[in-house]
Protein chains: 2
Amino acid sequence: MGNKGTALEVIPGAVVRRLPRYLTQTQYLRQQGVEWVSSASLAEALGLTSSTVRQDLSYIDFKGVAKRGYGTGGLEKVLARTLGVDRDVRCVLVGAGNLGRALALHEEFVRQGFKIMGVFDNHPSVVGKKIGRFVIKGMNEMADFVREQQVGIGIVSVPHAAAQAVADQLVAAGARGLLNLTTAHVHAPDTVSVVDARILASLRELAYAVKDI
Amino acid sequence: MGNKGTALEVIPGAVVRRLPRYLTQTQYLRQQGVEWVSSASLAEALGLTSSTVRQDLSYIDFKGVAKRGYGTGGLEKVLARTLGVDRDVRCVLVGAGNLGRALALHEEFVRQGFKIMGVFDNHPSVVGKKIGRFVIKGMNEMADFVREQQVGIGIVSVPHAAAQAVADQLVAAGARGLLNLTTAHVHAPDTVSVVDARILASLRELAYAVKDI
DNA sequence: CTTATAACGTTAAATATTTAACCATAAACA
DNA sequence: TGTTTATGGTTAAATATTTAACGTTATAAG
């Protein structure tokens, strides 16, 4: 494959899920002053084969150099551009429970370009309260806010039963991607991507691996 | 395939990752008073095909009934047993930052059988402080604690740079599974499973989907 | 009791993902 | 300046996953 000029090709899902990890590792190396990284060393760091790494990187518009590897500076830049994290990505957070609060306070996301524009919750007793620099807004304000602020991503951190309704509202308001942190499955039209980060499901998956101790 | 009596067969990773979701949905249905669920309806709820559902459930020791589907009560029980969540699973949480705090306070995990036995952190200023019912312990106490309490799962919620060292300590102390919430990749021997729930990586994956708004 | 059929279970085909193999190239060095 | 070689790029094979197809079976209805 390989990319001629602009990225017209569709990158397989499995590859897209690894690109953020290459970015993290490349960023880390560059910050350590490392200028070159080989496919073998990336593979070792991320638990992959060098073949997978080379094939994955063939999807992005960046060439390695024989006998050296990939320049960390350039690779970081192109990975960020490919993923769309070379500029701020605007998010809203819905659900100001423990998890939502933790995410709102997690400065790392902001450093990485994910800008939480607003925090929303349905519960009257928390609306108006503050989480760090955010004043929690009511759900009735969400749709207009998403439209006006041109929010791309909605982070869904509400109870199971509320997840789909919140997702629907976010989609209707124009969100193009949803991060689903709930235990529920969230349906969305093809034009909207949903990525799941279900911690309970991950724990249960682990329980299977751990069960015959 | 199909399981003759006890579970001797290896269940493919892709299937294991879906079993928790079947469990969540089945639990939900049973709590709603629904007694039977078809592969088509499970598929619809979880965004899969009915064929995938039937094939997945063929790996567990449970049979559906023609013209009815799967009995929710029985299915829930067998899924829980297969995953190993039909009894308490003992965990420790390492890293008492915002995310760790949120998880420690999240009662849902306890309700689902994941019992956090202790919370550990390296930072002297937080050791001794409380998070809910937990008193944060220092890392020096961790290894003995994991051994004595027969902890199976370690939840790693520390900064990137500390992740591997914490993982190594957990493995050395006898943990059999790690939930990695950090941006780092964590290496572990084959006897220890690592499941990742990387929120930043998920956001970056979404950014790719969202980027050409 | 017999028949029709909704749903499962299973096989096999299709697709997606990962890995191995090998060619091409640019750097390092004699 | 030529030679060696480490490393990327690419193709194709191997593997894993998903889906379709269809026979089987137990239920429900007549």
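Please read all numbers here as calculations on a predicted model, not as lab measurements. Per chain, numbering begins at 1; letters A, B, ... match sequence-line order.
Counting to the nearest Å, the P atom of C:dT11 and the OH atom of B:Tyr59 are 11 Å from each other. The interatomic distance linking B:Leu42 (CG) with C:dG9 (P) rounds to 12 Å, in whole Å. Spacing between atom CD of B:Glu44 and atom C1' of C:dA7 amounts to 17 Å, rounded to whole angstrom units. Taking atom CG of residue B:Leu75 and atom P of nucleotide C:dG9, one finds them 11 Å apart after rounding to whole Å. Nucleotide C:dT19 holds its P atom 13 Å from the CG atom of A:Leu46, rounded to whole Å. In this structure, B:Trp36 places its CH2 atom 12 Å from P of D:dA26, rounding to the nearest Å. Summarising the geometry, the separation between CZ on B:Arg68 and P on D:dT27 is reported as 6 Å, rounded to the nearest angstrom.
Partners of A:Ser38 under the side chain to side chain contact (heavy atoms under 4.5 Å, CB included) rule, at least two apart in sequence or in another chain, are A:Ala40, A:Ser41. With sequence neighbours left out, the salt bridge (Lys or Arg N to Asp or Glu O under 4.0 Å) criterion links A:Asp121 to no other residue. Applying the side chain to side chain contact (heavy atoms under 4.5 Å, CB included) test to A:Ser39 and every residue at least two apart in sequence or in another chain returns A:Ser50, A:Val53, A:Arg54, A:Tyr70. Partners of B:Glu76 under the side chain to side chain donor-acceptor pair (under 3.5 Å) rule, at least two apart in sequence or in another chain, are B:Arg30. Taking B:Arg198 as the reference, B:Asp196 meet the salt bridge (Lys or Arg N to Asp or Glu O under 4.0 Å) condition, with sequence neighbours excluded. In terms of the side chain to side chain donor-acceptor pair (under 3.5 Å) criterion, residue partners of A:Thr183 (sequence neighbours excluded) are, by chain and number, A:His160.
Against DNA chain D, the stretch residues 183-195 of chain A makes no heavy-atom approach under 4.0 Å. Residues from residues 13-31 of chain A lying near DNA chain C, meaning a heavy-atom separation below 4.0 Å, are A:Ala14, A:Arg18 in numerical order. Residues from residues 49-56 of chain A placing a heavy atom under 4.0 Å of any atom in DNA chain C, listed by number, are A:Thr49, A:Ser51, A:Thr52, A:Arg54, A:Gln55.
Between B:Val146 and the options B:Ile153, B:Val151, B:Val171, a side-chain contact (heavy atoms from CB on, under 4.5 Å) holds for only B:Val151.
Both B:Lys67 and B:Gly64 lie near DNA chain C, and the one whose nearest nucleotide falls closer to the 5' end is B:Lys67.
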Sequence neighbours excluded and cut-off under 3.5 Å, please list the side-chain donor-acceptor pairs for residues 94-108 of chain A, or say none.
residue  : atom : partner  : partner atom : Å
A:Glu108 : OE1  : A:Arg111 : NE           : 3.0
A:Glu108 : OE1  : A:Arg111 : NH2          : 2.7
A:Glu108 : OE2  : A:Gln112 : NE2          : 3.2

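For the pair A:Asp56 and A:Arg18, the salt-bridge criterion is met [side-chain N within less than 4.0 Å of a carboxylate O].
Phosphate proximity of C:dG9 to B:Tyr70: present, with a side-chain N or O under 4.0 Å from OP1 or OP2.
A:Val119 places none of its side-chain heavy atoms less than 4.5 Å from the side chain of A:Val92.
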Paired and unpaired positions of DNA chain C as dot-bracket, Watson-Crick or G-U wobble under 3.5 Å, | denoting a partner strand = ||||||||||||||||||||||||||||||

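For residues 161-170 of chain B, the pairs satisfying side-chain hydrogen bond (donor to acceptor under 3.5 Å, both in side chains) are B:Gln164-B:Asp168, with sequence neighbours left out.
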